[in-house]
Amino acid sequence: MTLLIDQNLLQEQNTKQESALNTDYNALAEKLDRSGIQIDTVLEQAKQFSVAVPSWGVGTGGTRFARFPGQGEPRNIFEKLDDCSVIQQLSQATPAVSLHIPWDRPKDPKELRQYAEQYGLHFDAMNSNTFQDQIDQDESYKFGSLTHTNKAVREQAIAHNIDVVELGQKLGSKALTVWVGDGSNFPGQQHFKNSFSHYLDSIKTIYDSLPDDWNMLLEHKIFEPAFYSTVIQDWGSSYLAAKETGERCLSLVDLGHHAPNVNIEMIVSRLAQFGKLGGFHFNDSKYGDDDLDSGSINPYQLFLIFNELTDIRAQDPAYSPFYMLDQSHNVTDPIESLMYSAAEVQRAFVKSLLVDRQALSQYQEDNDPMMAQASLKQAYNLDVEPILQMARLQAGGAIDPVSCYRASGYRATVAKSRPADPNKTGSGIV
Ligand code: RM4
Ligand code: MN
Ligand code: MN
């Protein structure tokens with residue numbers, strides 16, 4: 001396998017930290033043992049955890065106002081995969097990459113697949129894009145895509161999605177994620193019922209062309225770029241559409257796509273109860289769809305979401321929704337942010353495994369709110385860092401991915417071979 005970070009450096013870095021890790025790990029093992037938890041069982045589950053990296057996440061993001069490009073930004077999908085391989089090598093939690101078409105459209109899909117495979121990477125859900133116009137397209141998406149009033153525009157958007165599925169099949173993907181920016185900026189601009197009907201017809205047509213072993217994931221978003229109404233605004237609309245469309249059509253929850261203070265963990269539970277929770281886009285936010293790093297603002301919410309997921313898996317061990325990081329890195333090195341964020345999501349997952357579910361259930365039955373919340377906090381307040389570090393070490397990654405990455409000088413090295421692209425200095429969310 002091709003590895004871009006020198007294995008000797010990685011080992012050298014790990015050796016420096018290994019004895020402290022063993023001490024911390026053994027101390028945590030003893031503490032958990034007192035609660036009847038075997039640390040090795042938790043460790044094995046931590047090692048199984050993975051979250052996909054979005055190809056577009058390895059470039060520096062931006063806001064509506066400006067973009068401040070970083071050094072050595074990847075200029076094409078191959079260079080993006082190079083960066084993704086570094087994230088996986090050090091974090092050992094991100095073996096899959098999610099592509100955005102047309103941003104990542106390869107000339108030769110076979111070549112791209114082989115390029116990913118030499119790094120031990122594979123492709124997660126494919127993302128279509130009908131929220132931007134492409135130079136060579138006939139119709140404009142200015143007033144919508146899958147929901148447009150004009151049939152020709154809808155057909156163009158449908159054809160694009162079907163094309164993305166065909167490409168995804170060549171790359172070994174198993175899912176299509178559909179997010180549309182369709183909506184309106186003024187009251188009265190759009191007929192709510194008609195636009196939703198068009199949406200349903202369009203996604204049913206796409207669904208009909210889906211291979212049998214594929215899922216279709218519908219992503220809702222409360223606002224932006226439409227600022228008055230969005231056709232798939234909330235989990236209710238997403239659920240209705242998924243239910244109308246078919247068994248393998250599911251809802252996807254992007255954490256940033258809700259109004260502030262919405263109880264996302266409850267949405268998770270509702271969708272799962274009715275068999276429609278298909279995946280997540282992880283990120284964090286303070287105000288809106290801020291696309292900040294996972295766990296950087298509200299790590300307790302992330303834990304509560306995983307608490308629901310672990311509860312669901314207790315009934316259905318085979319349940320495994322699609323996980324992806326969907327963040328925009330404006331002021332950090334994207335590789336560092338993605339490694340750190342993957343570990344934050346993994347941390348929330350690991351903590352959720354430590355909840356005493358039997359005790360919690362009894363407190364709920366007994367209407368004991370104090371002890372019910374305390375049983376969640378007991379798990380949340382534990383420092384599980386030694387488990388994460390040990391999982392990485394045993395899988396061949398770095399005990400401390402960010403410090404190892406900095407020591408490697410990878411960014412400075414690629415900066416030399418990737419001169420800045422003068423066309424990529426403008427504004428833009430991603
Ligand atoms: C959207 C949404 C989609 C992502 C685009 C780039 O807000 O989160 O998942 O593909 O941004
Ligand atoms: Mn998203
Ligand atoms: Mn978003």
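Numbering starts at 1 and runs along the sequence shown. All heavy atoms count here, side chains included; hydrogens, waters and symmetry mates do not. Whatever order the structure lists them in is the order used to number ligands and atoms, beginning at 1.
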Worksheet item: Can you check whether Trp103 has an N/O within less than 3.5 Å of an N/O in ligand 1?
Response: no
Fill in: Partner of Tyr141 under side chain to side chain donor-acceptor pair (under 3.5 Å), chosen from His148, Gln156, His160
Gln156
Worksheet item: Could you go step by step and tell me if Ser237 and Asp234 meet the side chain to side chain donor-acceptor pair (under 3.5 Å) rule?
Response: CA-CA 6 Å; Ser237 306; Asp234 47 27; 2.7 Å; yes
Practice prompt. Of the side chain and backbone of Asp291, name the one, both, or neither that has a heavy atom under 4.0 Å from an atom of ligand 1.
Written response: neither
Worksheet item: Considering only N, O or S atoms, which atom of Glu219 is nearest to the Mn ion (ligand 2)?
Response: OE2
Discussion item. If you compare all heavy atoms of Glu73 against all heavy atoms of Pro69, which two are closest, and at what distance to 0.1 Å?
Written reply: OE2-CB, 3.1 Å
Discussion item. Under the criterion ring pair (Phe, Tyr, Trp, His ring centres under 6.0 Å), I'd like the reasoning laid out for Tyr323 against Phe306: C-alpha separation, chi angles, the key distance, then a yes or no.
Written reply: CA-CA 12 Å; Tyr323 292 159; Phe306 273 96; 5.6 Å; yes
Worksheet item: Is the closest N or O pair between Asn127 and ligand 1 shorter than 3.5 Å?
Response: no
Worksheet entry | Closer than 2.8 Å to the Mn ion (ligand 3) - protein N, O or S atoms, ordered by chain and residue number | His257 NE2, Asp289 OD2
Worksheet item: Can you name the salt bridge (charged side-chain N to carboxylate O under 4.0 Å, His left out) partners of Arg113, sequence neighbours left out?
Response: Glu117
Worksheet entry | Enumerated ligand 1 atoms positioned under 4.0 Å from heavy atoms of Asp289 | 7 (O)
Worksheet entry | salt bridge (charged side-chain N to carboxylate O under 4.0 Å, His left out) partners for Lys142, two or more places apart | none
Discussion item. Any nitrogen or oxygen of Glu219, side chain or backbone, less than 3.5 Å from one on ligand 1?
Written reply: yes
Discussion item. Tell me whether His281 has any N or O atom under 3.5 angstrom from an N or O of ligand 1.
Written reply: yes
Worksheet entry | Criterion side-chain contact (heavy atoms from CB on, under 4.5 Å) on Leu43 and Tyr25, from CA distance to verdict | CA-CA 10 Å; Leu43 177 68; Tyr25 187 81; 3.4 Å; yes
Worksheet entry | Atoms in ligand 1 with a heavy atom of Trp56 nearer than 4.0 Å | 10 (O)
Discussion item. Do Glu219 and Ile232 make a side-chain contact, defined as non-hydrogen atoms from C-beta onward lying under 4.5 Å apart?
Written reply: no
Worksheet, complete the sentence: Within 4.0 Å of some non-hydrogen atom of Lys221, the atoms of ligand 1 are 7 (O)
Discussion item. Once you restrict to heavy atoms under 4.0 Å, what part of Asn129 touches ligand 1? Side chain, backbone, both or neither.
Written reply: neither
Discussion item. Taking only non-hydrogen atoms of Glu224, do any sit less than 4.0 angstrom from ligand 1?
Written reply: no
Fill in: All pairs passing ring pair (Phe, Tyr, Trp, His ring centres under 6.0 Å) where residues 214-240 contributes a residue, at least two apart
His220-His258, Phe223-Phe227
Worksheet item: Is there a donor-acceptor pair under 3.5 Å between the side chain of Gln92 and the backbone N or O of Leu393?
Response: no
Discussion item. So does Asn298 get a backbone contact from the side chain of Lys286, meaning a donor-acceptor N/O pair under 3.5 Å?
Written reply: no
Worksheet item: How are the rings of Phe78 and Tyr115 set to each other: parallel, tilted or perpendicular (split at 30° and 60°)?
Response: perpendicular
Worksheet item: For the residue pair Tyr410 and Tyr405, does the interplanar ring angle fall in the parallel (under 30°), tilted (30 to 60°) or perpendicular (over 60°) class?
Response: tilted
Practice prompt. Show which atoms of ligand 1 fall inside a sub-4.0 Å distance from at least one heavy-atom site of Asp254.
Written response: 8 (O)
Practice prompt. Using a strict 4.0 Å cut-off to heavy atoms of His257, name the atoms of ligand 1 that fall inside it.
Written response: 2 (C), 7 (O), 8 (O)
Response to the item:
Numbered in order shown, the ligand 1 atoms found under 4.0 Å of a heavy atom of His100 are 6 (C), 10 (O)
